[in-house]
Amino acid sequence: MADAQTGLEPTIEITDDDYPEIMRIIASDGEIDTYLGSVGIEPDVFEGTEVDTTICAQERAALGGSLRYVVESAGEATGSLESVRKIIVPLSTATSLLGSLGEVSNEGLRLVDCLEEKRPEAAAKIRETFELLGLDDDRLRRAVDKQSAGG
């Protein structure tokens with residue numbers, strides 16, 4: 001996928017302004033509590049009862065794993081991600097991120113489904129976040145398609 005003139009792979013710039021939800025994931029460093037906290041969901045939302053001590057533990061863990069994978073993928077391509085407002089990734093990394101973001105969305109929606117009965121307000125906030133992530137995903141997909149087509 002290298003540029004014919006330079007021999008370098010095209011890149012895509014991912015910024016807070018253009019991809020706020022993707023950058024929210026990056027800023028969380030893949031930590032589930034940090035990520036959910038950034039959208040107003042505190043860890044106590046997942047505290048259960050004496051019998052069922054944690055609500056949606058499996059779904060939360062799966063989302064956490066997907067978040068970490070996105071951060072690790074972006075970090076491998078760009079180096080340090082601390083206090084980052086912009087990352088520039090090769091086209092191949094951006095393409096890989098699309099798949100990873102799809103996993104984050106799927107796991108996030110599984111968490112929403114789990115929370116809806118016991119914590120409907122939290123479920124609504126999280127659903128909105130993943131709808132916005134879907135918009136970022138669409139923008140990134142268009143940017144990848146444009147770069148792939150040579151433009």
Side-chain angles (χ1 to χ4, degrees), residues 1-3 6 8-47 54-116 119-151:
M1 256 196 242
D3 180 278
T6 66
L8 299 174
E9 183 176 5
T11 59
I12 293 181
E13 183 176 275
I14 299 174
T15 66
D16 272 342
D17 293 335
D18 295 330
Y19 304 96
E21 296 306 315
I22 294 172
M23 293 307 290
R24 182 189 310 271
I25 293 170
I26 301 298
S28 76
D29 200 30
E31 295 296 325
I32 185 75
D33 289 339
T34 302
Y35 177 72
L36 292 175
S38 73
V39 295
I41 305 297
E42 297 303 321
D44 64 351
V45 164
F46 299 96
E47 292 175 3
T54 306
I55 297 171
C56 305
Q58 290 179 332
E59 292 81 0
R60 237 174 124 234
L63 176 57
S66 293
L67 292 170
R68 280 189 299 282
Y69 189 76
V70 167
V71 171
E72 288 170 6
S73 297
E76 285 176 9
T78 62
S80 174
L81 295 176
E82 293 180 27
S83 306
V84 169
R85 299 201 51 174
K86 169 177 82 171
I87 60 174
I88 299 172
V89 297
L91 186 58
S92 59
T93 299
T95 302
S96 176
L97 277 174
L98 286 170
S100 300
L101 292 169
E103 276 301 305
V104 167
S105 290
N106 290 340
E107 297 301 345
L109 293 174
R110 283 186 52 225
L111 179 60
V112 167
D113 289 344
C114 179
L115 278 176
E116 280 194 308
R119 304 281 197 273
E121 315 80 33
K125 278 185 182 178
I126 296 170
R127 181 178 301 283
E128 181 180 333
T129 298
F130 288 104
E131 288 170 356
L132 294 172
L133 179 60
L135 296 175
D136 279 9
D137 187 279
D138 289 343
R139 279 189 291 276
L140 183 58
R141 187 172 309 284
R142 284 192 303 272
V144 166
D145 289 347
K146 183 179 176 182
Q147 285 287 7
S148 295

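These numbers were taken from a predicted model, which means no experiment stands behind them.
A salt bridge is defined here as a Lys NZ or Arg NE, NH1 or NH2 lying under 4.0 Å from an Asp or Glu carboxylate O, and Arg142 with Asp138 fails to meet this definition. A salt bridge links Asp136 to Arg139: at least one charged side-chain nitrogen sits closer than 4.0 Å to a carboxylate oxygen. The pair Lys125-Glu128 fails the salt-bridge criterion, with no side-chain N (NZ, NE, NH1 or NH2) lying under 4.0 Å from an Asp/Glu carboxylate O.
Across all non-hydrogen atoms, the minimal contact from Gly30 to Arg68 is O-CG, 3.2 Å. Considering all non-hydrogen atoms of both residues, Ile126 and Gly108 come closest at CG2-O, 4.2 Å. Nearest heavy atom pair, residue Glu9 against residue Ser92, reads OE2-N, 2.5 Å. Closest of all the heavy-atom pairs between Val45 and Arg119 is O-NE, 2.9 Å. Considering all non-hydrogen atoms of both residues, Ser73 and Leu97 come closest at CB-CD2, 4.3 Å. Taking all atoms of both residues into account, the shortest heavy-atom contact from Leu115 to Ala122 is CD1-CB, 4.4 Å.
The closest side-chain heavy-atom distance from Val39 to Phe130 is not below 4.5 Å.
Only one option out of Val104, Asp29, Leu36 pairs with Leu67 in a side-chain contact (heavy atoms from CB on, under 4.5 Å); it is Val104.
In this structure, CD1 in Ile25 is found 13.0 Å from OG1 in Thr34, a value given to the nearest 0.5 Å. Going from atom CZ of Arg60 over to atom CZ of Phe46 covers 5.0 Å, rounded to the nearest 0.5 Å. Within the model, atoms SG of Cys56 and CG of Leu111 stand 5.5 Å from one another, a figure rounded to the nearest 0.5 Å. How far CD1 of Ile12 is from OH of Tyr19: 6.5 Å, rounded to the nearest 0.5 Å. Separation of atoms CG (Asp137) and CD (Glu21) is listed at 12.0 Å; rounding is to 0.5 Å. The line from OG of Ser96 to CG of Leu91 is 11.5 Å long, rounded to the nearest 0.5 Å.
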Inset, instruction - Kindly indicate, with the supporting measurements, whether the criterion side chain to side chain contact (heavy atoms under 4.5 Å, CB included) is fulfilled by Lys86 and Asp16. - result: CA-CA 6 Å; Lys86 169 177 82 171; Asp16 272 342; over 6 Å; no
Inset, instruction - Could you go through the side chain to side chain contact (heavy atoms under 4.5 Å, CB included) check for Val89 and Thr11 one step at a time? - result: CA-CA 5 Å; Val89 297; Thr11 59; over 6 Å; no
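Checking side-chain atoms of Glu107 against main-chain N and O of Gly64 turns up no donor-acceptor pair under 3.5 Å. No donor-acceptor pair closer than 3.5 Å links the side chain of Glu59 to the backbone N or O of Cys114.
More than 12 heavy atoms of other residues, nucleotides or ligands shown are found within 6.0 angstrom of CD on Glu13.
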